[in-house]
Number of protein chains: 2
Amino acid sequence: MPHTKAKPVVNTRIQARNKELILEAALDVFSASGFRGATVDQIAAKAEMSKPNLLYYFRRKEDIYVALLEHTLSDWLEPLRELDPAGDPLTELARYISAKMQMSEANPKASRLFANEILHGAPMIEKFLKGPLRQLVAEKSQVIQSWIAAGKLAPVDPYHLIFAIWAVTQHYADFSVQVDAVLGRREDPKAAQKAVLEILLRGLQVKQP
Amino acid sequence: MPHTKAKPVVNTRIQARNKELILEAALDVFSASGFRGATVDQIAAKAEMSKPNLLYYFRRKEDIYVALLEHTLSDWLEPLRELDPAGDPLTELARYISAKMQMSEANPKASRLFANEILHGAPMIEKFLKGPLRQLVAEKSQVIQSWIAAGKLAPVDPYHLIFAIWAVTQHYADFSVQVDAVLGRREDPKAAQKAVLEILLRGLQVKQP
DNA sequence: ATAATTCTTGATCAAACGGTCAAGGGCAGC
DNA sequence: GCTGCCCTTGACCGTTTGATCAAGAATTAT
């Protein structure tokens, strides 16, 4: 039997470490340049590794990209998952919005990675969008709907409310260049969070009789 | 004197027509694949033109991209420009939001073109962002502020309100793949517009004493 | 009509890029 | 310390891609 492209069978510490280094470097490069704009050489350079060595761990450029997306997809849903049907609606929504704003601030690169992927038709995560994401949003829309039915929240289309929350919170990560240019300075995360909470939540309070 | 790269001196009908064809094709390709992902061959094919002929009108790929951005940048500001200080605040904002929603629906490709450019650091339109855009937003923020001071609008940070309007309205163009996947169908523009107006405006009404 | 200019393209080039190969270095288990 | 597998890399390959060139076709001006 010829020596055809031996791949590691077990998972060593070196593998774990190097894969992590590669994914870290890849997030930098892919989020800055997109899938097509990024080059394997750039990622290898940033991971301080030769290109063939990088391709020893991920055979194809696409494999790095997919691994990177999968590596962060479930984290992305976590805040929404935590929306508690038993909690106070405005408190729960405020917590969700705050969590999303903090994610945008803490990890803008991941946000831009997703934004770029979706912007270009989401070829790699179509199943995620139509599966787990759709499922979760349907579930949480139900929760919001029940709050409205119970008179604890002003009537609003739950789906579009969730879209609005996503749009506004991720805007600060994805379009930070524009935000900073318009403000003429680095945007202040605390001030942005406060403003966003007001804008999105004030209209949702039920009027007291 | 050698025959160095003769370029047309006058503007003929053929030039106007072909440049238009090229920009139209380029919008398709750039908005779908980004600057780096788009190829000159793709644009030439879509414009039904040989590659050298396309490069006769635009010497470099980047020139097409820049021309395309400039060609649509001023249109982009128009709805905001029309925000009338003398009008009723809620009516004016509703008109602005509706106009932006209609732009997202009518021309999602242009929206994605800008989104992609900004997402990748806006290397080509930095001056536009820090110049005309910043200037206009400052001016209109002043208008909103004066409405608030006059007690005609609930207090809100004008800059972040404008960001929120941009974010939400453009979301339906830029992330339409995700919106459709989550809804499980093509999103209905009328329903989206109604929902967005409610979400963004309800919290801005001043409470009647 | 004819000359001048604009328009068009097949062929080609050089650089960039994703990916392969063969060979050597290094580490674990015996 | 020897054996076998894992790890690493310089050199290389085929393709893609942005851009050029030279030469001919079409259009315009006189």
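- Expressed to the nearest 0.5 Å, how far CG of A:Leu200 lies from CG of A:Leu90 amounts to 11.5 Å.
- Annotation: side chain of A:Ile43 is in contact with side chain of A:Phe30 (closest heavy-atom distance under 4.5 Å).
- Residue A:Ala38 is in sugar-phosphate contact alone, with no base atom involved, counting any heavy-atom pair closer than 4.0 Å across all strands shown.
- Side-chain N/O atoms of B:Arg13 include none lying less than 4.0 angstrom from OP1 or OP2 on D:dT27.
- Checking D:dC6, D:dG18, D:dT9 against the side-chain heavy atoms of A:Pro52 singles out D:dT9 as nearest.
- Mapping A:Ile14 and A:Lys51 onto DNA chain C by nearest heavy atom places A:Lys51 closer to the 5' end of the strand.
- For residues 85-95 of chain B, every residue pair satisfying the side-chain hydrogen bond (donor to acceptor under 3.5 Å, both in side chains) rule, not counting sequence neighbours, is listed here: B:Asp88-B:Thr91, B:Glu92-B:Arg95.
- Using a distance-only test at 3.5 Å, with no hydrogens or angles considered, a donor-acceptor pair links the side chain of B:Arg112 to the main chain of B:Ala173.
- With contacts defined as side-chain heavy-atom distances shorter than 4.5 Å, the pair A:Lys194/B:His160 does not qualify.
- Here C:dT8 presents its P atom at 9 Å from CZ of B:Arg17, a figure rounded to the nearest Å.
- Each of A:Asn18 and B:Lys61 was assigned the nucleotide of DNA chain D with the nearest heavy atom; the assignment lying further toward the 5' end belongs to A:Asn18.
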For DNA chain D, the dot-bracket pattern of Watson-Crick and G-U pairs whose distances stay under 3.5 Å, | for other-strand partners:
||||||||||||||||||||||||||||||
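- No option in B:Trp166, B:Phe128, B:Trp76 other than B:Trp76 meets the ring-ring contact (aromatic ring centres under 6.0 Å, His included) test with B:Phe114.
- The distance between atom CZ of A:Phe58 and atom C1' of C:dT20, rounded to the nearest whole Å, is 19 Å.
- Taking the side chain of B:Ser50 as heavy atoms from C-beta on, and the options D:dC7, D:dG18, C:dT8, the nearest nucleotide is C:dT8.
- The distance between atom OH of B:Tyr57 and atom P of D:dG18, rounded to the nearest whole Å, is 20 Å.
- Going from atom CG of A:Asn53 over to atom P of C:dG25 covers 16 Å, rounded to whole Å.
- D:dA23 atom C1' lies 15 Å from atom OH of B:Tyr56, rounded to whole Å.
- Put simply, CZ on B:Arg36 is 12 Å from C1' on D:dT16, counting in whole angstrom units.
- Of the residues B:Glu117, B:Glu70, B:Arg60, the one that meets the side-chain hydrogen bond (donor to acceptor under 3.5 Å, both in side chains) test with B:Tyr65 is B:Glu117.
- Nucleotides of DNA chain D nearest to A:Met49 and B:Val40 differ in position, and the one nearer the 5' end is that of A:Met49.
- Here B:Gln15 reaches the OP1 or OP2 of C:dC7: one of its side-chain N or O atoms lies under 4.0 Å away.
- For the pair B:Arg60 CZ and D:dT17 P, the interatomic distance rounds to 19 Å; values are reported in whole Å.
- Between the CG atom of A:Leu21 and the P atom of D:dT8 there is a distance of 10 Å, given to the nearest Å.
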